[in-house]
Amino acid sequence: MRVTVAVVIPTYNRAHCVSEAIESVLAQTVPADEVIVVDDGSTDTTPEVLAGFGDRIIVIRQPNRGVSAARNAGIARATSEWITFLDSDDVWYPNRVFVLHRDVVKSECGVHVANFEVTGEGYHRNVFQLNKLAAPEGSAITYSDGVAVSRRVFMPMSLAVRRDLLIDARGFDEEISFAEDLDLA
């Protein structure tokens, strides 16, 4: 069984880094079915950068309304069964979509949270290890209290949600300007 996957990338004035995020999605070992970039009213050269990708991505341009509105615009445009998120200053390892496919075909889950690493000058942290979640590399674990787990490790770049559940939840709350991702969790 193959599931369809959309990637929603909200961006605002990120001409300097959005290409790297998009390239990390286009370089997946299992390709995403839709790559939707929502330009939330950028005033820099982000529109020109996005145009350079041609028809490899879907671009939505809207007036600046915030990251929640941008993510919701991507959700509304997506037709795939699963929707994933990537912020325009983050990148995925090449197997992100493969891991999603591998895990969701084995279970009836509606939310998939992938492990991720936070790196920077002088540090490198595996988020599952930091949160004491037992998820051996190359395998998946189903937790009976998915809400508790997702609140501990939730970051948009690690999240995939079945489209029907996002629609039922009405997406991200556009009135919240801080921690809107935790609100969705």
Side-chain angles (χ1 to χ4, degrees), residues 1-12 14 18 21-22 24-26 28 30-41 57-92 95-116 127-128 133 135 140-185:
M1 175 178 103
R2 184 181 188 292
V3 297
T4 56
V5 177
V7 182
V8 174
I9 305 173
T11 191
Y12 174 71
R14 293 283 175 91
V18 69
I22 294 168
S24 79
V25 173
L26 295 176
Q28 291 293 297
V30 172
D33 298 280
E34 302 170 284
V35 181
I36 303 166
V37 183
V38 183
D39 182 356
D40 194 41
I57 64 173
I58 298 163
V59 177
I60 299 170
R61 184 149 167 81
Q62 65 183 28
N64 182 257
R65 295 178 26 225
V67 69
S68 292
R71 287 185 184 129
N72 287 342
I75 293 167
R77 171 58 178 83
T79 60
S80 295
E81 298 164 84
W82 283 83
I83 299 178
T84 61
F85 302 95
L86 179 64
D87 287 346
S88 59
D89 61 344
D90 293 327
V91 295
W92 276 350
N95 65 343
R96 171 62 181 112
V97 177
F98 166 79
V99 169
L100 173 63
H101 277 271
R102 179 199 70 200
D103 295 349
V104 301
V105 298
K106 294 178 185 177
S107 71
E108 292 292 321
C109 67
V111 176
H112 182 268
V113 179
N115 198 354
F116 62 100
V127 175
F128 276 19
L133 295 173
I141 294 178
T142 301
Y143 287 91
S144 58
D145 189 355
V147 173
V149 170
S150 66
R151 285 182 181 246
R152 286 169 50 197
V153 299
F154 183 90
M155 294 290 285
M157 81 288 236
S158 69
L159 180 71
V161 182
R162 276 195 350 240
R163 184 177 180 278
D164 62 313
L165 295 177
L166 279 171
I167 299 300
D168 287 349
R170 295 188 177 91
F172 292 86
D173 186 339
E174 296 179 20
E175 299 299 315
I176 299 175
S177 61
F178 179 77
E180 72 290 336
D181 47 0
L182 291 176
D183 177 69
L184 178 67

Please determine whether side-chain contact (heavy atoms from CB on, under 4.5 Å) holds for the pair Val7 and Phe85, giving the CA-CA distance in whole Å, both sets of side-chain angles, and the decisive distance to 0.1 Å. CA-CA 6 Å; Val7 182; Phe85 302 95; over 6 Å; no

Report yes or no: does [X] contribute a side-chain atom to a donor-acceptor pair with the main-chain N or O of [Y] at less than 3.5 Å?
X	Y	result
Asp40	Tyr12	no
Glu34	Ile58	no
Gln28	Val97	yes

To check you understand the geometry: which heavy-atom pair defines the closest contact between [X] and [Y], and what is its length?
X	Y	value
Asp33	Ser80	CB-OG, 3.8 Å
Leu100	Trp82	CD1-CE3, 4.1 Å
Ala32	Val25	CB-CG1, 4.5 Å
Val5	His101	CG2-NE2, 3.8 Å
Ser88	Ala21	O-CB, 3.7 Å

Is any side-chain heavy atom of Leu166 closer than 4.5 Å to a side-chain heavy atom of Arg71? no

When you compare the side chain of Leu26 with that of Val35, does any pair of heavy atoms fall below 4.5 Å? yes

With side-chain contact (heavy atoms from CB on, under 4.5 Å) as the test, would you mind laying out the steps for Ile22 and Ile57 before giving the verdict? CA-CA 8 Å; Ile22 294 168; Ile57 64 173; 3.8 Å; yes

Inspect the contact between Arg14 and Asp89 and indicate whether a charged nitrogen and a carboxylate oxygen are less than 4.0 angstrom apart.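 The answer is yes: the pair qualifies as a salt bridge.
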
Look at Glu81 together with Arg162 and state whether they make a salt bridge at an N to O cut-off of under 4.0 Å.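 No salt bridge links Glu81 with Arg162.
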
Side chains of Glu174 and Ser68: donor-acceptor distance under 3.5 Å anywhere?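 Checked: Glu174/Ser68 side chains show no N/O donor-acceptor pair below 3.5 Å.
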
Do Gln62 and Asp39 have side-chain atoms, one donor and one acceptor, less than 3.5 Å apart? no

side-chain contact (heavy atoms from CB on, under 4.5 Å) between Ile83 and Val161, intermediate numbers included: CA-CA 5 Å; Ile83 299 178; Val161 182; 5.7 Å; no

Among Ile9, Ile60, Val8, Leu86, whose side chain to side chain contact (heavy atoms under 4.5 Å, CB included) with Val37 holds? Ile9

What distance do Arg163 atom CZ and Ile75 atom CD1 have between them, rounded to the nearest 0.5 Å?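 Arg163 atom CZ to Ile75 atom CD1 measures 9.0 Å (nearest 0.5 Å).
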
